[in-house]
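The structure appears right after this line, and notes come after that.
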Amino acid sequence: MTLFKMLQARHLVEAHTCSAEEMERLLEQPLTVYAGFDPTAECLQAGNFVTIMTLAHLQRAGHKVIALVGGATGMIGDPSGRSSERNMLTEEQVHRNLEGIKENLSRFLDFEGKCGNPAVLVNNYDWYKGYGLIPFLREVGTLFRMRPMLSKDSVQKRLNAENNGMSFTEFSYQILQGYDFYHLRKEYGCSLEVGGSDQWGNITAGTDLIHRVLGPDAVANGLTFPLVCDANGQKFGKSAGNAIFLNKEKTSVYDFYQFFLRTLDADVIRYLKIFTFLPLERIAELEQCVAREPERREAQRVLAEELTRTVHGEDGLRAAQRAASVLFGGSLDGLSAEELESIFKEVPSAVLPREQVVGHPVFEVAAAAGFFSSKGEARRLARQGGLNLNNAKAGEGRTVADADLIGGRLAVVRQGRKNYFLLKVVAQ
RNA sequence: GGUGGGCUUCCGGAGCGGUCAAACGGGGCAGACUGUAAAUCUGCUGGCUCACGCCUUCUUUGGUUCGAAUCCAAGGCCCACCA
C-alpha cells in the first residue's frame, strides 16, 4: 500500500493541489514536508493531533519533516476558521510557547535523528524579525494580487459575516504564511505543505507564490486533511468547552485517558485510524468488536491506551488506568490514605484545616475547598443528588464526620458521575 | 472624514421608565435510564441566605427621576455604507 493510499484510508486526505495520482507518486520518493503550528499556548492540544500524526506518518515513511512554529504569524493571528479577531500574543509569550511546543512534538516526532531523517523545528520569526516593512512590501508584497487574496474563503467569511469585519493585519496573514512556504522551499527544498482543510487558502498562497517566483514548473504542493469533528458535529478535542492539552499540568493524565475512553461508538474507529499508528488490520478487528459487543468498549480502551502511552508514557498510562479502575469500581473501602493519594494524584485537590471540615455540611466544605465556583452551586448539586462524599451520596444536610476522613486526613468529593476532587485535611 | 447601526447575564438574542437578576434558544451542570455511551425525559444555571429578603450586574462616566438595562449628555469600542 502506498503512503498516499494509507493516508487516505486513515481519513488524512481531503484535498491536494495536484492530481491524486501525482500526489501518490510524489509521496513515494523522499520529500521535505512542512506543517505549521500556532504558538497560541505553551503546549499543544488534542486539536493539533491530526497535524502531528500526519507529520509523524510522513516522517516514518522516510520524508524529511519540518515543524514550523509561527512565532511571527502567531503575533498576528490566522483568520482561518475564526469568526472574530484573535487576541495578539506578546513576543515573550510566543517565545515561551515555542519551547513547550517543541517538547510536545518530540513525543511524536523524532528530532534526534534516530531514524536517519530528524525532524526540524523552525520559527518563522527568525526570518521576519530583520525584514523591514518597505523591503518586504517591495520584494514580497508586489507578488501578491488583491483578487485572489480577497477571494480566500477565510476572508470572504469574515467580510460577509454580519457585524464583523477584519483588520488589515489579519488580512495580511496569508502573505506571511505564503512567504513561509517559499522561504522553506528555498532554504530546505521543502516542496509540500500539509495542514487542515481550513488552511487551504494559506497553503495555496504559498504554492502560488513559489510558482510566481520560481516558475510554474517548480514543484510545490499542498495536501490538506479534513478537520475532525465528532458524530455530533462538535470540533474534536474539547471536553466541556475546555481543550484537552498535552501537558499534564493543564490536563491531568487521568482526564486525558478518560477523554478518549468516552469516545462515541460512532467516532472511535475513525479516531483509531487518525490518531494511532495501529495497523489498519488491527483496527478492522476492533471495528468488529464495536459492532458485536459495544458495551465492552474495547476500541475506546485501545484508543485511550495508545494515545495516553504516546503522550504520557507507560507510567502515565498505568496511573490513569489504576485510577479509573478504582473510581469506577465502586467503593473506596479498604484503600489507605497513601493509596488514595497516589491514585488521585492527578485529580484537583485542596487543603483545609480540620475545624473547617468536621461538623460542617459537605457542600459547604466542598465550596470552601474551591471545588465549585460558589456555595450556591454546591448546594444545588447536593440537593439534586449530584454530590458525593467517599462515593456515597451526600445530601444538603449531610455533614462531615471524623469517620469520613480516611486515615484521618483525606476525603474524596465527587461531582456527578465522573468529576473527582481530593480534600486533604490538616490539623490546625 | 461623513452618515447610519450596535455594545444585555457563558454564547446568541428579547427587553425600550417600575411587575427585571432580566423572556426565549443554545451551551453547561445534575438526576433517571444506560455501556464511565448515545438518544430521551426531568431539574438547575449571578452572589449571599435559600423562606421571605438582601447584594452586585445589562460598554464607561456623569445626569434626569421617588425609581433606569430602558430617558439625556459625554467618552470608549465594534460594524456597515459613503468618501
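Order of the sequence lines sets the chain letters (A, B, ...), proteins ahead of strands, with each chain counted from 1. Keep in mind that this is a model prediction, so the values were computed, not measured.
Here the P atom of nucleotide B:rG35 and the CZ atom of A:F260 are 24 Å apart, to the nearest Å. The NZ-P distance, from A:K375 to B:rG47, rounds to 12 Å in whole Å. Note: CG (A:L381) to C1' (B:rU45) measures 12 Å, nearest angstrom. At whole-Å resolution of the value, CG in A:L303 and P in B:rG35 are 21 Å apart. Counting to the nearest Å, the P atom of B:rC44 and the CZ atom of A:R379 are 16 Å from each other. Between A:F372 atom CZ and B:rC48 atom C1' there is a gap of 18 Å when expressed in whole angstrom units. Note: CG (A:N388) to C1' (B:rG31) measures 11 Å, nearest angstrom. Going from atom CD of A:E170 over to atom C1' of B:rC78 covers 14 Å, rounded to whole Å.
Nearest-nucleotide mapping onto RNA chain B: of A:R296 and A:R414, the residue sitting toward the 5' end is A:R414. Residue order along RNA chain B, read from the 5' end via each residue's closest nucleotide, puts A:Q258 first among A:E377 and A:Q258.
Closest contact between the side chain of A:Q384 and the listed nucleotides B:rG43, B:rC29, B:rU36 involves B:rG43. Distances were taken from every side-chain heavy atom of A:L264 (C-beta onward) to each of B:rG35, B:rU36, B:rA37; the shortest belongs to B:rA37. When each of B:rG35, B:rC29, B:rA37 is scored by its nearest atom to the side-chain atoms of A:N419, the top-ranked nucleotide is B:rC29. Listed candidates were B:rA37, B:rG31, B:rU45. Nearest to the side chain of A:R380 is B:rU45.
An OP1 or OP2 oxygen of B:rU36 is reached within less than 4.0 angstrom by a side-chain nitrogen or oxygen of A:R297. A close approach under 4.0 Å does not occur between any side-chain nitrogen or oxygen of A:S374 and OP1 or OP2 of B:rG46. Residue A:R262 places no side-chain N or O under 4.0 Å from the OP1 or OP2 atom of B:rA38.
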Please assess A:D208 against A:R212 for the test salt bridge (Lys or Arg N to Asp or Glu O under 4.0 Å), listing each intermediate value before the final yes or no.
CA-CA 6 Å; A:D208 288 350; A:R212 190 177 277 269; over 6 Å; no

Check step by step if ring pair (Phe, Tyr, Trp, His ring centres under 6.0 Å) holds for A:Y271 and A:F260.
CA-CA 9 Å; A:Y271 286 6; A:F260 289 100; 7.5 Å; no

Walk me through it: do A:Q384 and A:R380 pass the test side-chain hydrogen bond (donor to acceptor under 3.5 Å, both in side chains)?
CA-CA 6 Å; A:Q384 298 185 131; A:R380 251 192 316 274; over 6 Å; no

A:N48 and A:T51: CA distance, side-chain angles, deciding distance, side-chain hydrogen bond (donor to acceptor under 3.5 Å, both in side chains) verdict
CA-CA 6 Å; A:N48 298 116; A:T51 311; 5.4 Å; no

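B:rG12 and B:rG63 have their P atoms separated by 31 Å, with the value rounded to a whole Å. Rounded to whole Å, the separation between the C1' atoms of B:rG25 and B:rU19 comes to 24 Å. The separation of B:rG1 from B:rG62, taken at their C1' atoms, amounts to 29 Å, rounded to a whole angstrom. B:rU9 sits 8 Å from B:rA21 when the C1' atoms are compared, rounded to a whole Å. Spacing of P atoms, B:rC79 relative to B:rU70, comes out at 24 Å, to the nearest Å. As rounded to the nearest Å, B:rG47 and B:rC10 have P atoms that lie 11 Å from one another. Only the C1' atoms considered, B:rC55 is 35 Å distant from B:rG5, to the nearest whole Å. Taking the P atoms as reference points, B:rG76 lies 15 Å from B:rU61, given to the whole Å.
Distance check: A:N388 CG to A:Y420 OH gives 8.0 Å after rounding to the nearest 0.5 Å.
A:G385 comes within 4.0 angstrom of the backbone, heavy atoms only, and of no base.
Shown here, B:rC66 forms a base pair with B:rG18; the pair counts as Watson-Crick or G-U wobble because both key distances fall under 3.5 Å. With a cut-off of 3.5 Å on both Watson-Crick or G-U wobble distances, the partner of B:rC24 is given as B:rG12. With both pairing distances under 3.5 Å, B:rC7 is matched to B:rG76 as a Watson-Crick or G-U wobble pair. Nucleotide B:rA30: paired with B:rU42 (Watson-Crick or G-U wobble, both distances less than 3.5 Å). B:rC48 is paired with B:rG53 under the criterion used here, namely a Watson-Crick or G-U wobble arrangement in which both key atom distances are under 3.5 Å.
The side chain to side chain contact (heavy atoms under 4.5 Å, CB included) test with A:L307 is passed by exactly one of A:Y257, A:F49, A:F259: A:F49.
Screening residues 300-314 of chain A for salt bridge (charged side-chain N to carboxylate O under 4.0 Å, His left out), with sequence neighbours left out, gives A:E306-A:R309, A:R309-A:E314.
Donor-acceptor pairing under 3.5 Å, judged by distance alone, is absent between the side chain of A:R417 and the base of B:rU36.
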